[in-house]
*Asks:* 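One structure follows; several queries about it will come next.
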There are 2 protein chains.
Amino acid sequence: MNSALSILKHHKLRITDCRLEIIREFLSKQVALAHSDLEESLNSQFDRVTIYRTLKTFLDQDLVHKVLDDSGATKYALCSHEEADHNHEHVHFKCEKCGETTCLDAIALPKISLPKGFKKQEMNLLIQGTCSKCS
Amino acid sequence: MNSALSILKHHKLRITDCRLEIIREFLSKQVALAHSDLEESLNSQFDRVTIYRTLKTFLDQDLVHKVLDDSGATKYALCSHEEADHNHEHVHFKCEKCGETTCLDAIALPKISLPKGFKKQEMNLLIQGTCSKCS
DNA sequence: GTTTATGCAAATTCTTTGCAATACT
DNA sequence: AGTATTGCAAAGAATTTGCATAAAC
């Protein structure tokens, strides 16, 4: 039940080629993808604008989440089931050499106590360095 | 010794109006600033391009660091002295209501052990929620 | 048949580059 | 004087919007 089709159905979105292909990209490559990555790998199969709108739709429906990046490009990754239930804690590792960002689901974030009056809704930890492939 | 002037001298940069004013903005507002924030608060006192180049110079000289943000805009904050000595660990809090991002220097990041072959160089934790002013 | 998504064109915004004039040391 | 910075113009990316056509339900 982790097919592109079932994911779309689960989020009650219309089934279109563009949406299916974009989800398949996320499923096959296990890294965070930017708009430009999708545009390139889908090889002009769909309009640039359609990809922007698809990502926006997915974001609104909590099908993907933004992945922080210091390069300026906005990157996205599929939400896991838990995240879809509003557990928003992400740990990502970005390799400075190959530029790839991967989710480190195995690592849990410790509880952090904030100053008075601050309410936490989401935590994002980005670790930058060199990945195993590049070191 | 925390004046705009001394900061520039410490980094061996030429003293110019634009650089002084931008550092003063960072010193007075205690939040992370994007290019657009500076452009607005400096009220066209300097060219848009000059602000871009000044931020780039500051970044190269480790006078400011990038602050992660999910809005797409690149934000910057002054480096503290320790950070200038290449201790790159940042905890930031972004309020979803007012949009302001503040440094939480008091909070230390726990040590995180990465999978084999991964080398850590920098860690950024962004906590999003509601700040004390907005709650 | 009604609603929603797509493609195309065009407008905006964001960022970078080249070059001559100016300011800094 | 010599070098680095600025402003202006213009180019190049990234992102958004409007609208008619096409596809999904």
Side-chain angles (χ1 to χ4, degrees), chain A residues 3-25 32-76 99 101, chain B residues 3-25 32-76 99 101:
Chain A
S3 67
L5 186 60
S6 62
I7 290 174
L8 280 182
K9 283 185 178 171
H10 185 259
H11 288 266
K12 289 170 186 157
L13 289 172
R14 290 197 176 185
I15 316 298
T16 71
D17 286 354
C18 182
R19 288 172 178 175
L20 287 169
E21 287 302 321
I22 288 181
I23 295 177
R24 283 184 194 124
E25 282 297 314
L33 299 174
H35 176 273
S36 58
D37 298 324
L38 290 166
E39 199 181 351
E40 198 178 326
S41 54
L42 296 175
N43 208 48
S44 320
Q45 200 179 343
F46 307 101
D47 194 89
R48 196 185 292 109
V49 177
T50 303
I51 300 176
Y52 275 113
R53 287 195 270 226
T54 302
L55 287 170
K56 190 168 192 309
T57 302
F58 286 0
L59 207 53
D60 292 343
Q61 302 295 328
D62 283 322
L63 198 153
V64 299
H65 62 266
K66 284 191 182 181
V67 175
L68 296 179
D69 193 280
D70 69 346
S71 73
T74 310
K75 293 188 170 186
Y76 303 86
T101 304
Chain B
S3 68
L5 187 61
S6 62
I7 291 175
L8 279 182
K9 283 184 178 170
H10 186 258
H11 289 267
K12 290 172 185 156
L13 289 172
R14 290 200 174 182
I15 316 299
T16 70
D17 286 352
C18 183
R19 288 173 179 174
L20 287 169
E21 287 302 322
I22 288 181
I23 295 177
R24 284 186 194 124
E25 281 297 312
L33 299 175
H35 175 274
S36 58
D37 298 323
L38 290 166
E39 198 181 352
E40 198 177 326
S41 54
L42 296 176
N43 209 47
S44 320
Q45 199 178 344
F46 307 102
D47 194 88
R48 196 185 292 108
V49 177
T50 304
I51 300 175
Y52 276 113
R53 287 194 271 224
T54 303
L55 288 170
K56 190 167 192 311
T57 302
F58 286 0
L59 208 54
D60 292 343
Q61 302 294 328
D62 283 322
L63 199 152
V64 301
H65 61 265
K66 283 191 183 182
V67 175
L68 296 179
D69 193 280
D70 69 347
S71 73
T74 310
K75 292 188 170 186
Y76 304 85
T101 303

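Below, chains carry the letters A, B, ... as their sequence lines are ordered, and counting in each starts from 1. Just so you know, these numbers come straight off a predicted model, no measurement behind them. FYI, side chains are in, hydrogens and waters are out, and symmetry mates aren't considered; it's all heavy atoms of this structure.
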*Asks:* With a 4.5 Å cut-off on side-chain heavy atoms, are Ile15(A) and Lys9(A) touching?
*Replies:* yes
*Asks:* Please tell me which of Ala73(A) and Thr16(A) maps to the more 5' nucleotide of DNA chain D, matching each residue to the nucleotide holding its nearest heavy atom.
*Replies:* Ala73(A)
*Asks:* Ignoring hydrogens and angles, tell me if any N or O in the side chain of Asp60(B) forms a donor-acceptor pair with the backbone of Thr57(B) under 3.5 Å.
*Replies:* no
*Asks:* Expressed in angstrom and rounded to an integer, what is the separation of Arg14(A) atom CZ from dT2(C) atom C1'?
*Replies:* 8 Å
*Asks:* Can you confirm whether Leu55(B) sits close enough to Leu38(B) that some side-chain heavy atom of one is under 4.5 Å from a side-chain heavy atom of the other?
*Replies:* yes
*Asks:* Please step through salt bridge (charged side-chain N to carboxylate O under 4.0 Å, His left out) for the pair Lys66(A) and Asp70(B), ending with a clear verdict.
*Replies:* CA-CA 7 Å; Lys66(A) 284 191 182 181; Asp70(B) 69 347; 5.6 Å; no
*Asks:* With side-chain contact (heavy atoms from CB on, under 4.5 Å) as the test, pick out the partner of Tyr76(A) among Val67(A), Leu33(A), Leu59(A).
*Replies:* Leu59(A)
*Asks:* Donor-acceptor pair, Arg24(A) side chain versus Ala4(A) backbone, under 3.5 Å?
*Replies:* no
*Asks:* Taking OP1 and OP2 of dC14(C), is either one under 4.0 Å from a side-chain nitrogen or oxygen of Ser36(B)?
*Replies:* no
*Asks:* How about Phe58(A) and Ile22(A): do any of their side-chain heavy atoms sit closer than 4.5 Å?
*Replies:* yes
*Asks:* Specify the separation, in whole Å, of atom NZ of Lys66(B) and atom P of dC14(C).
*Replies:* 16 Å
*Asks:* In whole angstrom, give the distance that lies between atom CD1 of Ile22(A) and atom C1' of dT6(C).
*Replies:* 12 Å
*Asks:* Can you confirm whether Gln45(B) is buried at CD, in the sense that more than 12 heavy atoms of other residues, nucleotides or ligands lie under 6.0 Å from that atom?
*Replies:* yes
*Asks:* Between dA5(C), dT15(D), dT3(D), which nucleotide gets closest to the side-chain atoms of Thr74(A)?
*Replies:* dT15(D)
*Asks:* Which angle, rounded to 10°, do you find between the first-five-pair axis and the last-five-pair axis of the helix from dG1(C)-dC25(D) to dT25(C)-dA1(D)?
*Replies:* 40°
*Asks:* Write down the distance between CD (Glu39(B)) and P (dT6(D)), rounded to a whole number of angstrom.
*Replies:* 15 Å
*Asks:* Of the residues in residues 45-55 of chain A, which ones touch DNA chain D at a heavy-atom distance under 4.0 Å?
*Replies:* Arg48(A), Val49(A), Tyr52(A), Arg53(A)
*Asks:* With a 3.5 Å distance limit and no angle check, can you tell me whether His35(B) reaches the backbone of Arg48(B) through a side-chain donor-acceptor pair?
*Replies:* yes
*Asks:* Quick check: on DNA chain C, is the nucleotide nearest Asp17(B) upstream (toward 5') of the one nearest Gly72(B), or the reverse? Name the residue that is more 5'.
*Replies:* Gly72(B)
*Asks:* What is the distance, to the nearest angstrom, from the NZ atom on Lys75(B) to the P atom on dT15(C)?
*Replies:* 13 Å
*Asks:* Rounded to the nearest Å, what distance is computed from the CG atom of residue Leu13(A) to the C1' atom of nucleotide dC25(D)?
*Replies:* 13 Å
*Asks:* Ignoring hydrogens and angles, does a donor from either the side chain of Arg19(B) or the base of dT5(D) sit under 3.5 Å from an acceptor on the other?
*Replies:* no
*Asks:* Measure CG/Leu8(A) against C1'/dA5(C) and give the value in whole Å, please.
*Replies:* 12 Å
*Asks:* For the pair made of CG in Asp60(A) and C1' in dT16(D), what is the distance, rounded to whole Å?
*Replies:* 14 Å
